[in-house]
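Numbering of residues begins at 1 and proceeds along the displayed sequence. Being a predicted model, the structure only gives us computed values, none of them experimental.
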Amino acid sequence: MRVGWALALLGMVVLPACEPDPSSPVEVHEDAEADLGLVGFSYADVWAPTGSIDAYFLRINREVPGFSGLVIEAGKPTILATDEGALPAAEQALRSFFEARGITDATGRRLVEHEWQELARWHRSLLGLLGSHRVVRTTISARKNQVMLGVLPGYDDELLMNIVAERGIPDEAVRLELTAPVRTSRDADASAARSNPDLDDRVRPTIGGLRVFPCTLGFNIEGGSSGMRFATNSHCTQTFGGVDGVVFHQPDDNAPGNRVGVETSDAPFFGSGHPDCPDSINGHEVGDECRWSDAALISYDDSVDVSKGYIARTESSGQSSGSLTIVGDFAIVGTRPDSLVIEGDTLHKVGATTGWTEGTVNQTCANEFIQDEFGPRVLLCQRWVSAGGDDGDSGSPVFAQVEENQAELAGIFWGFKDPGPEFVYSPINMVKKDYPTITFDVQAESPPPPLTASIVGADQVPPQTSCTWQAIVYDGEEPYGFEWSGVLSGTNSWVNGVVSESGWLYLDVESDDLQQASDSLFVEVTSEAGPCPEVG
């Protein structure tokens, strides 16, 4: 079945400057909230939500005049500043950021023309262009040290640059960039022929990256009174911003046993009365049209086997598309929120259509205006990554790979550009802003120590002598099942008997949680052996 809701987005919006609510919580890395100094910070002259990298750069710039951002260049963090004298102070001010990210390598340094506060003020003065004169995006690029205006074909270059000049902004500080339309990414055909459709298979326990038709399972959540839940996109339901009770299946609804859960939470929109929502967008007064994320929460049915804290790991990754064959998993060991992601960082996603893709962050804290069958809406402070996505990838987990099989969850994928490869996602701390009463426990629990088993007893025995061997077992869940074989057999935690000729004694143990362990011992029958030792 193909529903075919590949929706065209009319554009992207960065919202007018306004004072954020100082009482709203600030979500940052678990170990970095106090160190990054974001709590209680005021930035009334520009728009920057709490917990965002934009707000953090403003804070550093006000401590260190001349500071203009931090990016990854040539594989290392690079400090941007307008003069040499600001660089040492900026490095000192950024120390807590480096510690939170585990960055120990020497940083790069590059001089630029404009400090961050200048760019932020100019950006604010150009926000009113959004939705007019073919302008569909405004943002700041730290790497380019410019305010970026995304424009559709047919824009008037001379008109726009005249407006820039009228507002006292230097020409070189603004870049007009031709952009492509953006698409949400719902409804790939789950039955489409693919060479390795493993992410489309029925998989239990459920983990992030699997098909939950018509989208992708993002990540499993434990917290709140509703038990286990998973996140996917709001646009994968019938009503964006309202609970419809939509039933989800994994991988599709072709078999009754594929049902996994029902939608129970879809955050409401907030409007112009909120300090972070604009008074008007695209030429009309804003109603309740703002949200922090494209995320809905689905409560699992009690019968579904769920594994919290894991994302499917496939054979290989690529920028445009990757493998769909599941060969293992990534354990979620923490989160990588907006305040700890900068331009040039590498992020990954695993989606049911294009599999495992990866690329670098190329836009930070972009505000998106969308007009489609769900109506107009604004998603605040979203992020863009130069990696592929397609229809059906909606809801994919976005993450930073910190070890070969470990990940820090960064957010939830919701749209892509065609042509690309480039996708947009809602950062995890923006998802939390939409669901402030829910505890987002997404981290994998440390696995219990593995089951171990060993044989205790004689390796030499006298002829025609009955001896005893004991199984020593550690960890795993009791009760244990025992099986002895070889020169003796039995099903107890011990085995006793006469070994008629030399040979191997084998022990196999299975714990109640289905772990298995084994050991073996070569038993020699010889007249030179002493008495059998006592065991037990």
Side-chain angles (χ1 to χ4, degrees), residues 25 27-30 51 199 203-213 215-237 240-250 259-268 291-313 329-338 348-352 393-400 406-414 425-447:
E27 292 85 9
V28 294
H29 197 275
E30 290 87 346
L199 291 171
V203 177
R204 301 293 184 274
T206 61
I207 56 177
L210 301 176
R211 170 82 64 202
V212 281
F213 190 72
C215 294
T216 295
L217 192 159
F219 47 90
N220 291 325
I221 304 163
E222 185 175 10
S225 59
S226 297
M228 289 298 300
R229 291 184 262 202
F230 69 85
T232 190
N233 285 157
S234 295
H235 77 255
C236 297
T237 68
F240 199 117
V243 176
D244 321 284
V246 173
V247 174
F248 282 80
H249 299 79
Q250 198 287 311
R259 171 175 163 147
V260 290
V262 61
E263 178 196 16
T264 53
S265 298
D266 199 342
R291 278 223 352 201
W292 294 105
S293 71
D294 187 340
L297 305 184
I298 315 304
S299 291
Y300 274 108
D301 295 344
D302 292 339
S303 60
V304 181
D305 188 12
V306 182
S307 184
K308 177 177 69 72
Y310 292 92
I311 298 167
R313 179 170 59 87
D329 53 51
F330 296 102
I332 299 174
V333 297
T335 59
R336 180 69 64 85
D338 191 47
H348 307 250
K349 81 99 181 70
V350 175
D393 283 329
S394 285
S396 301
V398 179
F399 58 95
Q406 295 183 349
E408 288 185 346
L409 184 66
I412 188 167
F413 171 116
W414 61 265
Y425 76 95
S426 297
I428 185 63
N429 52 314
M430 299 304 161
V431 177
K432 291 179 180 180
K433 282 177 178 286
D434 272 338
Y435 299 94
T437 64
I438 293 175
T439 300
F440 278 75
D441 181 359
V442 299
Q443 192 165 325
E445 296 178 356
S446 299

Main-chain N/O of Arg204 paired with Asp305 side-chain donor or acceptor, under 3.5 Å: no

Parallel, tilted or perpendicular: rings of Phe440 and Phe219 (30°, 60°): tilted

Validation row: Arg313, Phe330 side chains within 4.5 angstrom (heavy atoms): yes

Shortest non-hydrogen contact from Val398 toward Ile412: CG2-C, 4.2 Å

Enclosure of Asp302 CG (heavy-atom neighbours >12, cutoff 6.0 Å): no

Separation between SG of Cys215 and CH2 of Trp414, rounded to the nearest 0.5 Å: 13.5 Å

Heavy-atom pair with the smallest gap, counting every atom of Pro397 and Gly208: CG-C, 4.2 Å

Residue pair Gly309 / Ala444: nearest heavy atoms and the distance that separates them: O-CB, 3.3 Å

Donor + acceptor pair across side chains of Arg291, Ser426 (<3.5 Å): no

Verdict with reasoning, Ile428 to Arg336, per side-chain contact (heavy atoms from CB on, under 4.5 Å): CA-CA 8 Å; Ile428 185 63; Arg336 180 69 64 85; over 6 Å; no

Among Thr237, Val262, Asp266, side chain to side chain contact (heavy atoms under 4.5 Å, CB included) partner for Val243: Asp266

Minimum heavy-atom distance Gln443-Ile332, with the two atoms named: CG-O, 3.1 Å

Nearest-0.5 Å distance, OH of residue Tyr310 to CG of residue Asn220: 11.5 Å

Spacing of Ile438 atom CD1 and Lys432 atom NZ [to the nearest 0.5 Å]: 12.0 Å

pair Leu217-Phe248: side-chain heavy atoms closer than 4.5 Å: no

CD-OG1 distance between Gln250 and Thr216, expressed to the nearest 0.5 angstrom: 10.0 Å

Nearest-0.5 Å distance that lies between atom CZ in Phe230 and atom CD1 in Ile298: 5.0 Å

side-chain contact (heavy atoms from CB on, under 4.5 Å) evaluation trace for His348 with Ile311: CA-CA 11 Å; His348 307 250; Ile311 298 167; over 6 Å; no

Heavy-atom pair with the smallest gap, counting every atom of Glu263 and Gly242: OE2-O, 3.2 Å

Test side chain to side chain contact (heavy atoms under 4.5 Å, CB included) applied to Ser307 and Thr206, Ile207, Val203, the passing residue: Ile207

Check: Ser396 side chain, Gly209 main-chain N or O, donor-acceptor pair, under 3.5 Å: no

Side chain proximity check, Phe240 to Asp294, heavy atoms < 4.5 angstrom: yes

Over all atoms of both residues, closest heavy-atom pair of Glu408 and Thr335: OE1-O, 3.7 Å

Gln406 side, atom CD; Phe399 side, atom CZ - distance, nearest 0.5 Å: 12.5 Å

